Amino acid sequence: MNIGLLGFGVVGGGVWELAAERDDICVKRVLLRSPKAGLPESAVTFDVNDILNDDTIDTVVEVMGGLHPAYEYVTAAMERGKHVVTANKALIAAYYTELTALAAKQGVALRCTAAVGGGIPWLVNLERVKRLDTVCAVGGIMNGTTNFIMDAMHKADVDFPAILKEAQALGYAEADPSADIDGDDIRRKLCISANIAFDAALEEKAIPTFGIRTVTAADIAAFKSHGFACKLLARAESAQDGVCAYVEPALVGADDLEAAVPANFNLITYEAEKLGRQSFYGQGAGRFPTASNVVQDCLTVLSGKRGFYTDKAAPAALVGGEAHPYYVRTASPDDFLLAHTAETWENGAVVTGAVDVCEMLAWAKAQRDKDPAVFIAGIR
Ligand code: HSE
């Protein structure tokens with residue numbers, strides 16, 4: 001296999017190193033934006049056409065990130081009959097139907113295992129379980145940065161801004177951490193997972209989402225005193241008329257598996273009709289974990305696998321259906337909240353009766369205009 005590598009950042013460098021140890025795959029050209037040390041001159045190009053027009057390159061590995069020009073490069077590669085392996089969740093989530101259809105039309109492989117869960121073999125096992133069983137639900141801890149923050153806030157009395165700075169210093173959170181802390185990153189991973197699990201084509205941005213930006217040390221102290229741990233969780237389940245999918249901070253029992261997930265680890269789960277629950281734990285980001293899944297995808301393509309993880313992508317409605325109680329802390333309670341309040345905690349926050357998740361997340365989104373510090377958490 002001859003690879004054209006688009007991008008030579010943290011993950012691209014890892015792919016280069018892992019491929020160099022093997023004689024069945026060879027990174028022939030590397031597309032750079034600006035000169036970088038550590039690569040032979042003959043491998044470097046600044047023009048993507050050197051890769052697209054090279055007939056000896058059969059596989060394009062895209063690890064440059066972002067939507068553009070990654071989208072243009074990946075589609076051009078498939079149109080020229082090249083296989084594509086990518087770690088780019090934003091790209092796959094945004095252009096899901098189009099890219100998977102193009103791979104099928106061109107008879108090429110499109111793989112993105114590293115896009116969801118970094119080094120965890122999650123998507124390959126999701127694909128595998130579907131051969132024998134029906135997946136009812138997917139989700140879990142799918143973002144390492146937010147788990148690092150929540151874990152640290154449970155272990156010491158630290159406030160959100162201080163621990164976010166630490167996460168940035170450790171290289172977990174991006175310089176602009178909004179995609180992590182506001183839930184966009186986990187929503188993309190949920191969207192891709194749900195689409196594969198349910199042969200669906202969900203619109204990423206339509207999935208109701210609430211992040212952890214406004215959680216405080218006082219919230220965490222209250223959760224702990226009531227026997228809960230708080231995690232940012234994703235969930236999608238198959239429903240009668242579509243898919244019920246959402247991302248929200250969630251209160252789980254202090255002895256639940258999710259509560260035990262430390263630092264920046266992920267714990268991703270499916271529930272299948274016959275098999276029940278299976279969870280996958282590991283590093284959801286980082287140079288070698290992510291690069292390993294990229295190279296594993298290349299080896300899968302080398303073994304002859306074509307297409308995507310599923311060959312169906314039917315439009316699916318996002319529906320409610322799941323209802324549970326919520327912890328809500330807001331300085332501006334309104335009629336909706338008062339109507340649902342079941343109890344008030346010592347810190348002034350309230351716990352509601354069971355509320356439909358779509359209804360609650362829509363309320364919380366609107367409530368931010370009145371009270372930017374509002375925080376909610378579903379109680380599972
Ligand atoms: N920023 C992501 C996370 C890493 O913290 O999980 C890659 O998705």
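What you see below is based on every heavy atom in this structure, not just the backbone, and it leaves out hydrogens, waters and symmetry mates. Position 1 is the first residue of the sequence; numbering continues from there. From a predicted model like this one, the values you see are computed outputs, not experimental measurements. Remember, it's 1-based here, ligands and their atoms both numbered in the order they're listed.
- Short contacts between ligand 1 and Asn143, defined as distances under 4.0 Å to a heavy atom of the residue, involve ligand atoms 2 (C), 3 (C), 5 (O), 6 (O).
- Across Asp54, Asp58, Asp50, Thr59, a single residue satisfies side chain to side chain donor-acceptor pair (under 3.5 Å) together with Lys28, and that is Asp54.
- Taking a cutoff of 4.0 Å between a charged side-chain nitrogen and a carboxylate oxygen, Arg235 and Glu271 qualify as a salt bridge.
- A salt bridge does not link Asp256 to Lys231: none of the charged side-chain nitrogens sits closer than 4.0 Å to a carboxylate oxygen.
- A salt bridge does not link Arg380 to Glu258: none of the charged nitrogens lies less than 4.0 Å from a carboxylate oxygen.
- Under 4.0 angstrom from ligand 1, the non-hydrogen atoms of Thr145 come from both its backbone and its side chain.
- Taking 4.0 Å as the cut-off between side-chain N and carboxylate O, Lys105 and Glu79 do not count as a salt-bridged pair.
- With ligand atoms numbered from 1 in the order given, ligand 1 contributes 7 (C), 8 (O) to contacts under 4.0 Å with heavy atoms of Lys89.
- Close approach of ligand 1 to Ala285 is summarised as follows: ligand atoms under 4.0 Å from at least one heavy atom of the residue are 4 (C).
- Lys89 and Glu204 are not joined by a salt bridge, as no carboxylate oxygen comes within less than 4.0 angstrom of a charged side-chain nitrogen.
- Taking every non-hydrogen atom of Asp180 and a distance limit under 4.0 Å, the qualifying atoms of ligand 1 come out as 1 (N), 2 (C), 3 (C), 5 (O).
- Atom numbering of ligand 1 starts at 1 in the shown order; those under 4.0 Å from a heavy atom of Gly144 are 3 (C), 5 (O), 6 (O).
- Of all the heavy atoms of Asn266, none lies under 4.0 Å from any atom of ligand 1, so neither backbone nor side chain is involved.
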